2 protein chains.
Amino acid sequence: MTAGITVLDRLLEVSELFQSDMARAFDGTSLTTARVRVLWDLVAAGPSTQHALAERLEVSPRNITGLVDALESGGYVTRTPHPTDRRSIIVSLEASAEQMMRQMQADHAALSADLLGAVDPADREALVRGVDAIAGRLRELVAAHREASA
Amino acid sequence: MTAGITVLDRLLEVSELFQSDMARAFDGTSLTTARVRVLWDLVAAGPSTQHALAERLEVSPRNITGLVDALESGGYVTRTPHPTDRRSIIVSLEASAEQMMRQMQADHAALSADLLGAVDPADREALVRGVDAIAGRLRELVAAHREASA
DNA sequence: AGGTAACAATGTAGTACCATCACTATCATG
DNA sequence: CATGATAGTGATGGTACTACATTGTTACCT
């Protein structure tokens, strides 16, 4: 019972700590969590229209305009016209930003490994299974909520 | 290796899902995540000065003024003068808000139990130990980062 | 006591994120 | 070719946060 509370609380604590640490890393740059989310998506999906970004990140197209504005003036991305559809704009990562994201990905992996290293080896498999189970169950619950309120 | 990445990513996913679900629950009210954080703290700490709230929540005093403004006009808290220090203002939960927070706490516990219920019983203890270990290690790392940049 | 420094809260001003609505330019289809 | 959908953006507004300046109050120090 108390353990149940503790697990969820610890999970939330972990992500809070992680996010505040990320944010601190961006100090001095024009990067923010929301902007990096855009970069991250571009790494995964490749050059995209703003509309596609908006859909994948689940924010309004209008918001993407602002985020890309900031990233563009920071030199992280470029806007190029779509080859066939003149309404669309293709957002691409600048080479330096792609390099930076690769580094960030490596850091992320290293951190993951570090954190997992703090776990008793005998507990690791159960931990992974447990976290997966929790994530899966939570996805179910959220989906059910969305249904209900739709 | 891949598992290491997956664990951290899953943890982050869990807290994202959780937070978006929380936010949806506040639809239609004047409550938001930041404001509920204030209420939550008042439940745990009892009536407090705004200064104390700012310190515990690690935000600027000015920000607390705005949050308490919103909570006050929503009828969730009341401002009363400090008995001895006329500079200070004491923020207290309204009875209805205290009731609501008790409910929220119960829901939180129920959700925790539900999520833990999705985990194979044989994995639960290891999961709790593992998450604790990760949280502890992450606390260390963040503290070290703060030191380094201070 | 009298002056000064620290303190609590708030006004002002500014950044960032996010949303909706209205509008323009451009497809795409009947 | 007209009509309706689509892609992006301007305008506007709410929330969350910050730093700086200001006001009233307290506490300390000589």
Side-chain angles (χ1 to χ4, degrees), chain A residues 16 19-20 22-42 45 47-74 76-92, chain B residues 16 19-20 22-42 45 47-74 76-92:
Chain A
E16 251 182 53
Q19 287 183 27
S20 74
M22 284 277 282
R24 194 171 305 106
F26 301 146
D27 265 15
T29 75
S30 69
L31 291 177
T32 62
T33 313
R35 291 171 193 171
V36 170
R37 234 161 65 90
V38 174
L39 295 182
W40 199 262
D41 186 88
L42 286 174
S48 309
T49 65
Q50 298 190 178
H51 184 257
L53 283 170
E55 283 218 330
R56 287 197 299 263
L57 300 178
E58 293 188 312
V59 297
S60 68
R62 186 58 186 86
N63 193 14
I64 294 293
T65 299
L67 294 173
V68 172
D69 281 351
L71 289 171
E72 190 181 27
S73 69
Y76 296 102
V77 303
T78 51
R79 280 182 164 112
T80 46
H82 190 285
T84 67
D85 188 338
R86 278 188 293 177
R87 293 169 303 180
S88 295
I89 291 177
I90 305 253
V91 183
S92 316
Chain B
E16 250 182 54
Q19 286 183 27
S20 73
M22 284 277 282
R24 193 169 306 106
F26 302 147
D27 263 16
T29 74
S30 69
L31 291 176
T32 63
T33 314
R35 291 171 192 171
V36 170
R37 234 163 64 91
V38 173
L39 295 182
W40 200 262
D41 186 88
L42 285 174
S48 309
T49 65
Q50 299 191 175
H51 184 258
L53 283 171
E55 283 217 330
R56 288 196 300 263
L57 299 179
E58 292 187 312
V59 297
S60 66
R62 185 60 185 88
N63 193 16
I64 294 293
T65 299
L67 294 172
V68 172
D69 280 350
L71 289 171
E72 190 181 28
S73 68
Y76 297 100
V77 303
T78 51
R79 280 180 162 113
T80 46
H82 189 287
T84 66
D85 188 338
R86 278 187 295 176
R87 293 170 302 179
S88 295
I89 290 178
I90 304 252
V91 182
S92 317

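Numbers restart at 1 for each chain; the letters A, B, ... are given by sequence-line order, proteins then strands. Only a predicted model underlies this, so the values are computations on that prediction, with no experimental measurement involved.
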Of the candidate nucleotides dC17(D), dA7(D), dC17(C), which contains the atom at the shortest distance from the side chain of His51(A)?
dA7(D)
Nearest-nucleotide comparison on DNA chain C, the residue closer to the 5′ end among Thr49(B) and Thr84(A):
Thr49(B)
Tell me: CG of Asp69(A) to C1' of dC17(C), nearest whole Å?
13 Å
Looking at every strand, decide which applies to Arg79(A) at a 4.0 Å heavy-atom threshold: base, sugar-phosphate, or nothing.
sugar-phosphate
Distance in angstrom units between Phe26(B) CZ and dC18(C) C1', rounded
18 Å
Got a donor-acceptor pair under 3.5 Å from the side chain of Arg87(A) to the base of dT6(D)?
yes
To the nearest Å, how far apart are Ile89(A) CD1 and dT24(C) P?
18 Å
Close side-chain approach of Met22(B) to Thr33(B), heavy-atom, < 4.5 Å:
no
Any Thr32(B) side-chain nitrogen or oxygen under 4.0 Å from OP1 or OP2 of dT15(D):
no
Interatomic distance, Leu67(A) CG vs dG8(D) P [rounded to whole Å]:
14 Å
Any side-chain heavy atom of Arg79(A) within less than 4.5 Å of one from Asp69(A)?
yes
May I ask you to decide if Leu57(A)'s main-chain N or O and Arg37(A)'s side chain share a donor-acceptor pair within less than 3.5 Å?
yes
Tell me whether the OP1 or OP2 atom of dG8(D) has a side-chain N or O from Arg86(A) closer than 4.0 Å.
no
Contact class for Ile64(A) (heavy atom, under 4.0 Å): base, sugar-phosphate, or nothing?
nothing
Which pair of non-hydrogen atoms, one from Leu42(B) and one from Val77(B), has the smallest distance, and what is that distance?
CD1-CG1, 3.9 Å
Answer yes or no: side-chain N or O of Arg62(B) and base N or O of dT12(C) forming a donor-acceptor pair under 3.5 Å.
yes
Between C1' on dA16(D) and CG on Leu31(B), what's the gap in Å once rounded to a whole number?
15 Å
Contact class for Asn63(B) vs. all strands (heavy atom < 4.0 Å): base, sugar-phosphate, or nothing?
base
Residue Arg35(B), side-chain heavy atoms: nucleotide from dA16(D), dC17(D), dC18(C) that is nearest
dA16(D)
How close or far is atom P of dG8(D) from atom CD of Glu55(A), stated in whole angstroms?
11 Å
Under 4.0 Å, counting only non-hydrogen atoms across every strand here, what does Ser88(B) touch: a base, just sugar-phosphate, or nothing?
sugar-phosphate
Starting at atom CD of Gln50(A), determine the distance to atom P of dT26(C), rounded to an integer number of angstrom.
16 Å
pair Tyr76(A)-Val38(A): side-chain heavy atoms closer than 4.5 Å:
no
Rounded to whole Å, please give me the gap between CD in Gln19(A) and C1' in dC17(D).
15 Å
